[in-house]
Amino acid sequence: YYVTFFCGSLAVDLSRDMRTVLRPRFADTTTKKTPLWYNALGAILSSFILNEMVIPFVLLDLSSGWIACKRVYCIPQVGLLVLYGTFRVLASRVKRPSKKE
């Protein structure tokens, strides 16, 4: 139960950082819209990550969750942590425009 919400909070922070870093690279400079493939790939990856991160919640048992995690060699969880650290650093280097009040 707690593992799911911990991974979920990391995934939300990661998605915000990835959007900060990646969206300006693919957005059209005049319309600020992203291509269809960018949006489709984002939906597919979001679905995959969500399905992998809720396995411990569905099983509701830490030992069963650990067994399921080992079956996929902990790749989703390790990938989440690696991407989280990488995009935290990259997002901190991006200059954000100041908000006008």
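All figures in this text were calculated on a predicted structure; none of them were measured in a lab. Each residue takes its place number in the sequence, starting with 1.
For the atom pair CE of M53 and CZ of F5, the computed distance is 14.0 Å after rounding to the nearest 0.5 Å. Here the OG atom belonging to S9 is positioned 7.5 Å from the OH atom belonging to Y84, to the nearest 0.5 angstrom. In this structure, the separation between CG on L80 and CD1 on I75 is 13.5 Å, given to the nearest 0.5 Å. Atoms OG and CG, on S15 and L83 in that order, are 12.0 Å from each other to the nearest 0.5 Å. Rounding to the nearest 0.5 angstrom, the gap separating the SG atom in C7 from the CG atom in L50 is 11.5 Å. A distance of 11.0 Å separates CG of L41 from CG of L36, quoted to the nearest 0.5 Å.
Tracing side-chain contacts under 4.5 Å through hydrophobic residues (I, L, V, M, F, W, Y), one never reaches L60 starting from I55; they form parts of separate clusters. Linking Ile, Leu, Val, Met, Phe, Trp and Tyr whenever their side-chain heavy atoms come within less than 4.5 Å puts L81 and V21 in one cluster. A continuous path of hydrophobic side-chain contacts links F87 to F48 [ILVMFWY only; heavy atoms under 4.5 Å].
By the 6.0 Å contact criterion, CZ on R19 is open, its count of non-hydrogen atoms from other residues, nucleotides or ligands being 12 or less. Heavy atoms of other residues, nucleotides or ligands lying less than 6.0 angstrom from CG of L62 number 12 at most. Within a 6.0 Å radius of CZ in R16, no more than 12 heavy atoms belonging to other residues, nucleotides or ligands are found.
Side chain of S47 to backbone of I44: no donor-acceptor contact under 3.5 angstrom is found. Remark: side-chain polar atoms of S92 are paired, donor with acceptor, to backbone N or O of V89 under 3.5 angstrom. The closest donor-acceptor contact from the side chain of R23 to the backbone of K33 lies at 3.5 Å or more, if one exists at all.
Between L90 and M18, every side-chain heavy-atom pair lies at or beyond the 4.5 Å cut-off. The closest side-chain heavy-atom distance from I67 to R71 is below 4.5 Å. Counting heavy atoms from C-beta outward, F26 and W37 have side chains that approach closer than 4.5 Å.
Of all the heavy atoms in L59 and A68, the pair that sits closest is CD1-CB, 3.9 Å. When all heavy atoms are compared, the tightest approach of T31 to D28 is OG1-OD2, 3.2 Å. Between R88 and D13, the closest heavy-atom pair is NH2-CB, 3.6 Å. Summarising the geometry of L22 relative to Y38, their closest heavy-atom pair is C-OH, 4.2 Å, with the distance given to 0.1 Å. Heavy atoms only, all atoms of each residue included: W66 and C74 are closest at CZ3-SG, 4.0 Å. When all heavy atoms are compared, the tightest approach of P56 to V3 is CG-CG1, 4.0 Å.
For D17 and T20, the side-chain atoms include no donor-acceptor pair closer than 3.5 Å.
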Walk me through it: do L14 and L10 pass the test side chain to side chain contact (heavy atoms under 4.5 Å, CB included)? CA-CA 6 Å; L14 172 62; L10 286 180; over 6 Å; no

